[in-house]
Every structure is written in structure tokens, then in C-alpha cells.
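What follows is a single structure, written as C-alpha cells, with notes after it.
In what follows, chains are A, B, ... by sequence order, proteins preceding strands, each numbered from 1.
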Amino acid sequence: MNFKPLSLYNTASKSKQEFQSLTPGIVKMYCCGPTVYNYAHIGNLRTYIFEDFLRRALEYAGYTVQHAVNITDVGHLTSDADTGEDKLEKGAKREGKSVWDIAALYTEEFMRDWERLNLLDPTVWPKATDHIKEQITLVQTLEGKGFTYKIDDGIYFDTSKFPRYGEFAGLDIENQEAGIRVAMAEGKKNPTDFALWKFSPKDVKRAMEWDSPWGVGFPGWHIECSAMAMKHLGETLDIHCGGADHVRVHHTNEIAQSECATGKPFATFWLHGGWLLESKEEGGGKMSKSKDEFVRLQTLINKHYDPLDYRYFCMTSHYRNYLSFGWSNLKSAKEGLTSLRKKTAPLINQVTSIESDLAHEWRDQFTSAICDDLNLPQALGIVNKMLKDINLMEGEKGALLLDFDQVLGLDLGKSDAPAKESFDTLDRELSSLLQERNEARKSKNFARADEIRDLFKEKGYVIKDGPEGAVLEKIQ
RNA sequence: GGCGACAUACCCAAGUGGUAAGGGAGAGGUCUGCAAAACCUUCAUUCAGCGGUUCGAAUCCGCUUGUCGCCUCCA
């Protein structure tokens with residue numbers, strides 16, 4: 001397979017750069033995963049969908065991807081000021097379960113969404129609680145090199161010892177201090193310093209706590225990603241990604257602690273997915289898990305949307321842009337995917353190989369869009385235009401669709417016209433009704449035929465009369 | 001208050017110097033007993049507004065207006 005030059009927007013350089021992996025042919029990719037204290041909302045899922053497109057594009061370009069997505073099952077705090085409530089314990093209290101049960105439950109739910117969205121499984125799903133030892137070791141390394149200090153409630157990273165701190169996110173630290181006052185853990189030397197290891201309160205037995213050289217406690221939030229990424233993928237990653245909200249604090253801190261520990265760059269490419277906003281008609285604003293109500297994948301399914309409708313919805317906008325979620329927007333994505341499926345179904349049964357120059361041209365166009373910083377909206381436009389090309393053989397259209405679907409992940413190869421019911425799967429009552437209608441139509445008793453059509457409508461079916469007889473389609 | 005992003009048709013949206021992709025909705029047509037579906041056609045002389053640079057601007061620069069985000073946590 002020839003490697004396509006893939007251009008990706010790198011947050012670190014604030015520009016598109018041609019992607020190069022450190023080891024030829026292999027990409028080490030780490031994606032920040034969920035904290036499993038509640039369901040994922042569709043805004044969270046948008047980021048994982050973007051990462052899946054990235055993974056698929058890399059594989060399409062011929063790379064082998066070593067892919068890690070962490071599960072944060074340690075309850076960190078609700079505030080980055082290292083104060084506040086523990087999220088997992090909050091979840092446990094809310095549902096009257098143990099923190100371990102909460103973590104297990106929402107991990108399972110997360111994986112279910114993952115599968116339903118047709119996301120490729122990562123090579124590893126490292127869990128924070130399985131890597132306490134590695135986290136402690138990393139903190140010890142930092143301690144040995146003099147980057148840490150101890151205060152009453154934990155071991156902290158001294159950000160003033162890392163001159164490039166904040167460079168990544170373009171933070172203007174002085175200005176932030178001048179801004180709104182931020183509550184700060186007592187004893188911190190700099191407002192940006194963060195906890196590497198937190199001590200359990202003296203009089204409280206925490207639900208999750210571990211022994212460490214510094215006393216009983218639990219790891220800080222940021223350290224787990226560095227420790228797990230290094231263990232599973234090595235000290236320098238090719239790609240590290242996450243949501244745009246990780247740029248300022250989480251990734252900034254990961255870079256500081258990792259690069260101070262190893263003396264090497266932590267990742268060469270940093271990619272961030274844009275936010276999903278609620279459209280104005282839905283109330284507006286950024287979707288956030290800390291709000292009490294949020295839309296999750298199951299909410300969509302309950303409203304008769306297919307998870308892949310949402311996947312398709314996400315590809316109608318570039319991954320770095322804001323995307324407004326509204327029900328009418330999702331509906332038009334659903335219509336778009338449905339019509340794509342209908343066009344696709346007859347083609348995938350007559351797939352040939354891709355031979356003609358014309359077919360190669362279409363593939364080049366598609367590939368160029370994908371390789372230009374994952375321009376899925378443009379790629380989708382190309383797919384639609386390709387389908388309309390009357391000079392292109394049907395068999396090649398089918399072949400191209402299957403080829404493109406390696407990146408799109410819409411299961412076009414499996415797709416059938418949606419929910420058509422054939423006569424033999426119908427129950428007896430319905431099939432005799434349908435037969436009666438056919439006879440009524442034959443004898444031009446259209447009043448009776450229309451009456452039966454209404455009956456079917458009540459039962460949730462639309463009748464479509466074609467040249468080969470009536471076909472039923474389930475109403476969703 | 002400080003910082004930043006964005007503004008393209010009815011809606012979503014691509015397009016980063018060479019004359020406005022695509023999808024959805026709408027409209028008209030073919031087909032049909034009528035529908036539905038399918039297919040065909042159509043749908044921005046113009047890119048929030050105003051100035052500037054340029055042979056040429058949706059694209060670059062400046063200002064104005066508007067929307068949103070960040071400066072607790074969050075994908």
C-alpha cells in the first residue's frame with residue numbers, strides 16, 4: 001500500500017502539517033477516554049467519532065495503528081483547583097452503589113455506545129486503577145528530578161520549573177491571574193501547579209485509596225494518561241488526541257509532567273475535536289456532563305434514530321468546528337444517510353474491481369479530501385457526486401463505496417434498504433390483508449384498497465406499490 | 001473585565017487569492033387508479049456590514065455588528 005501524505009492540524013504548531021510517524025508504517029495513538037461516573041453524552045461521543053475517522057484514515061493510508069483509549073475509573077475532583085467533590089463518589093451516592101460498581105456500570109455503557117457507533121476497538125483500554133503502580137513510579141521520577149513539592153493535601157508539580165509551561169495552549173498566565181479569582185488549594189506555589197498524588201483526608205476512609213511512598217491516597221487526574229501512554233505506547237507518541245477542552249489544563253499538564261520525566265517530547269501531533277453545541281432551538285450553549293440533563297446515544301435511539309445516523313451527522317461538519325446539535329439537524333442527517341443507503345444497496349451486490357481511470361479519479365478525490373485534515377464533509381460531497389456520475393460503471397461504484405466505507409464506517413456493505421418486510425415474514429392477518437388489497441386494486445375497488453392502506457399505516461407500515469407488487473416499509 | 005473562535009441560501013455545511021461542493025427541506029416534472037418510493041430538473045451574480053490591498057477577495061488587512069466559547073470541571 002502506498003502511503004498517502006496525510007495533512008493534519010497540529011494544536012502544538014497551530015497549523016496543518018504533513019503527518020510523519022516516528023517508526024515507518026506504525027502510528028502510536030493515545031486518545032483521552034471517559035471518566036466513568038455517568039453516561040457519555042453525544043458531545044463526548046462526537047470526539048470519539050472524530051478519533052475513529054482519524055484511526056480509519058491512518059489505516060486507509062496504510063499505517064498500522066497502535067491505539068490506546070483510557071478509562072478513568074478513579075474519582076477525581078470536580079474542580080481543577082484540587083478542591084471539591086469526588087465525581088465517582090458523587091455518582092455512587094446518587095445511585096446508592098459502590099464506586100467500583102459505578103465505574104464498572106458506566107464502563108460497560110460506554111463500550112456499548114462505542115460498538116453501536118461502529119468505532120474500531122483500540123488495541124488497549126487501559127484503566128487508571130490498574131496502573132496505580134506506574135503512576136506512583138512516574139511521580140517518583142519527577143520527585144527524583146526535583147519537579148515536585150509536598151503540601152498538606154498532596155504531592156504537587158511545580159510548573160515554574162518547566163519554562164515552556166503554557167506554551168502549548170498559548171496561555172497567558174499572568175493575565176489569568178489578573179482575571180477572576182480562582183479558589184486554590186492552600187500551599188500551592190503557583191496557581192497552575194497541579195496534584196500528582198493526593199492524600200486521603202485523615203479522618204475519612206475513601207472508597208478508593210492506595211498506599212504510596214507519601215502515604216495513603218489516590219493519584220491526580222493528569223498523571224494517569226502520561227503513565228498509561230508511556231507504558232503501552234512508549235515515551236513519545238505519534239498522536240495524542242482528545243476534546244478541545246483538554247488543551248488548556250489536561251494536555252498542558254500532561255506535557256509538563258511527561259517531558260520533565262523523560263526529557264523527550266511527549267507527542268509529535270496533538271489533535272483536538274471541536275465541541276458539540278446545542279442549537280438555539282434546543283436552548284443553546286455547550287453540551288456538558290455536569291449539567292443535570294444531557295442527551296446520550298440511548299436518547300437518540302429512543303427517538304428511533306440509528307446510532308449511525310449520529311455518526312453521519314458528525315461527518316456533515318469538520319471535526320475542528322463547532323457543531324450545533326438540534327433534532328431537525330439530526331433528522332436531515334438521517335434522511336441523508338437513508339437515501340445514501342438506498343442508492344448503495346443495489347450497488348454492493350455487483351461489485352467489480354476498480355479499473356477505469358474515471359474510478360481512480362474519484363478515489364483520488366475522496367482520498368485528497370480525507371488526507372486534508374480529515375475533511376469528511378467534503379468527502380461526503382464527493383461520494384454523492386460519484387454516485388451521480390453516469391459514465392461510471394455500477395460495479396465500480398459499488399467497489400468505490402466499499403473502499404470509502406473503510407473510512408466512513410457506515411456499514412454500507414451490510415446495508416439493505418431499510419426495514420423492508422417480505423411477505424413470508426408477515427403474520428397471517430397482515431398478509432391476507434395485503435392480498436385482499438391487491439385483489440381490490442385489480443378489480444379497481446380503490447376505496448377498499450385505500451382503506452387497507454390506512455389500516456397498515458395504523459399498524460406502522462407504509463405500502464409502496466412497485467412494478468413487482470406492493471412492498472411494506474416500517475414507519476419509524 | 002481579560003482572551004479567543006466563528007458569521008456562506010429556508011436549515012446543515014465544504015470551500016483559505018482565480019470567479020460559490022454536497023446533504024436536508026422546498027418547487028416543477030416523469031411514473032402511479034391515487035399515494036408513497038424512485039428518477040430528472042430547479043433552488044446564493046453572491047459569502048454579516050463598511051472600508052482597504054490586489055489584474056482578481058467568501059478567502060488577506062482594518063473597523064463595525066452579531067453569535068458562541070474559555071478564564072471551576074468537562075470530549
For the [atom1] atoms, the ones on [N] and on [M], what distance do you get once it is rounded to whole angstrom?
{"N": "B:G23", "M": "B:A38", "atom1": "P", "answer": "13 Å"}
{"N": "B:U59", "M": "B:C6", "atom1": "C1'", "answer": "15 Å"}
{"N": "B:G17", "M": "B:C74", "atom1": "P", "answer": "37 Å"}
{"N": "B:U41", "M": "B:G51", "atom1": "P", "answer": "40 Å"}
{"N": "B:A57", "M": "B:G18", "atom1": "P", "answer": "12 Å"}
{"N": "B:A13", "M": "B:G69", "atom1": "P", "answer": "16 Å"}
{"N": "B:U30", "M": "B:G22", "atom1": "C1'", "answer": "25 Å"}
{"N": "B:C50", "M": "B:A58", "atom1": "C1'", "answer": "16 Å"}

Donor-acceptor pair present, A:Arg453 side chain and B:A35 base, under 3.5 Å
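Counting by modelled atom types and ignoring angles, a donor-acceptor contact under 3.5 Å is found here.
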So [X], base contact, sugar-phosphate only, or nothing? Heavy-atom distance under 4.0 Å.
{"X": "A:Tyr48", "value": "sugar-phosphate"}
{"X": "A:Gly242", "value": "sugar-phosphate"}
{"X": "A:Arg437", "value": "base"}
{"X": "A:Leu340", "value": "nothing"}

According to the Watson-Crick and G-U wobble definitions, with both distances under 3.5 Å, which nucleotide is paired to [N]?
{"N": "B:A75", "value": "none"}
{"N": "B:C39", "value": "B:G29"}
{"N": "B:A14", "value": "none"}
{"N": "B:G4", "value": "B:C68"}
{"N": "B:U59", "value": "none"}

Ring centre gap for A:Phe199 and A:Trp197 strictly below 6.0 Å
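Between A:Phe199 and A:Trp197, the centre distance exceeds or equals 6.0 Å.
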In whole angstrom, give the distance that lies between atom [atom1] of [X] and atom [atom2] of [N].
{"X": "A:Leu45", "N": "B:A75", "atom1": "CG", "atom2": "P", "result": "11 Å"}
{"X": "A:Lys90", "N": "B:C73", "atom1": "NZ", "atom2": "C1'", "result": "9 Å"}
{"X": "A:Arg441", "N": "B:U32", "atom1": "CZ", "atom2": "P", "result": "11 Å"}
{"X": "A:Trp114", "N": "B:A75", "atom1": "CH2", "atom2": "P", "result": "13 Å"}
{"X": "A:Asn38", "N": "B:C73", "atom1": "CG", "atom2": "C1'", "result": "14 Å"}
{"X": "A:Met386", "N": "B:G23", "atom1": "CE", "atom2": "P", "result": "13 Å"}
{"X": "A:Lys331", "N": "B:G24", "atom1": "NZ", "atom2": "P", "result": "12 Å"}
{"X": "A:Glu254", "N": "B:C74", "atom1": "CD", "atom2": "P", "result": "11 Å"}

Polar side chain donor-acceptor pair, [X] to [Y], under 3.5 angstrom:
{"X": "A:Tyr106", "Y": "A:Asp73", "answer": "no"}
{"X": "A:Thr159", "Y": "A:Asp193", "answer": "yes"}
{"X": "A:His240", "Y": "A:His246", "answer": "no"}
{"X": "A:Tyr60", "Y": "A:Asp403", "answer": "yes"}

Which label fits A:Phe157 and A:Phe194: parallel for a plane angle under 30°, tilted from 30 to 60°, or perpendicular past 60°?
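Ring orientation, 0 to 90° scale: parallel.
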Using 30° and 60° as the class limits, which term best fits the ring planes of A:Trp327 and A:Phe325: parallel, tilted or perpendicular?
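Ring orientation of A:Trp327 relative to A:Phe325: perpendicular.
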Sugar-phosphate or base contact per nucleotide [nucleotides 7-22 of chain B; S, B, -; heavy atom under 4.0 Å]:
----SSSSS-----BS
Measure from the side-chain N and O atoms of A:Gln257 to the backbone N and O of A:His222, and report whether any donor-acceptor pair falls under 3.5 Å.
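Side chain of A:Gln257 to backbone of A:His222, a donor-acceptor pair under 3.5 Å: yes, one is there.
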Give a yes or no on whether the backbone of A:Trp270 and the side-chain of A:Thr11 come within a donor-acceptor separation of less than 3.5 Å.
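Such a contact is found between A:Thr11 side chain and A:Trp270 backbone.
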Given B:A75, B:G23, B:C74, identify the nucleotide with an atom nearest to the side chain of A:Trp275.
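Nearest to the side-chain atoms of A:Trp275, counting from C-beta on, is B:A75.
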Nearest-neighbour nucleotide for the A:Glu335 side chain, B:C34, B:A75, B:A25 considered
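Of the candidates, B:A25 comes closest.
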Need to verify one output field. Residue with the more 5' nearest nucleotide on RNA chain B, A:Phe446 or A:Leu337?
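Final value for this comparison: A:Leu337.
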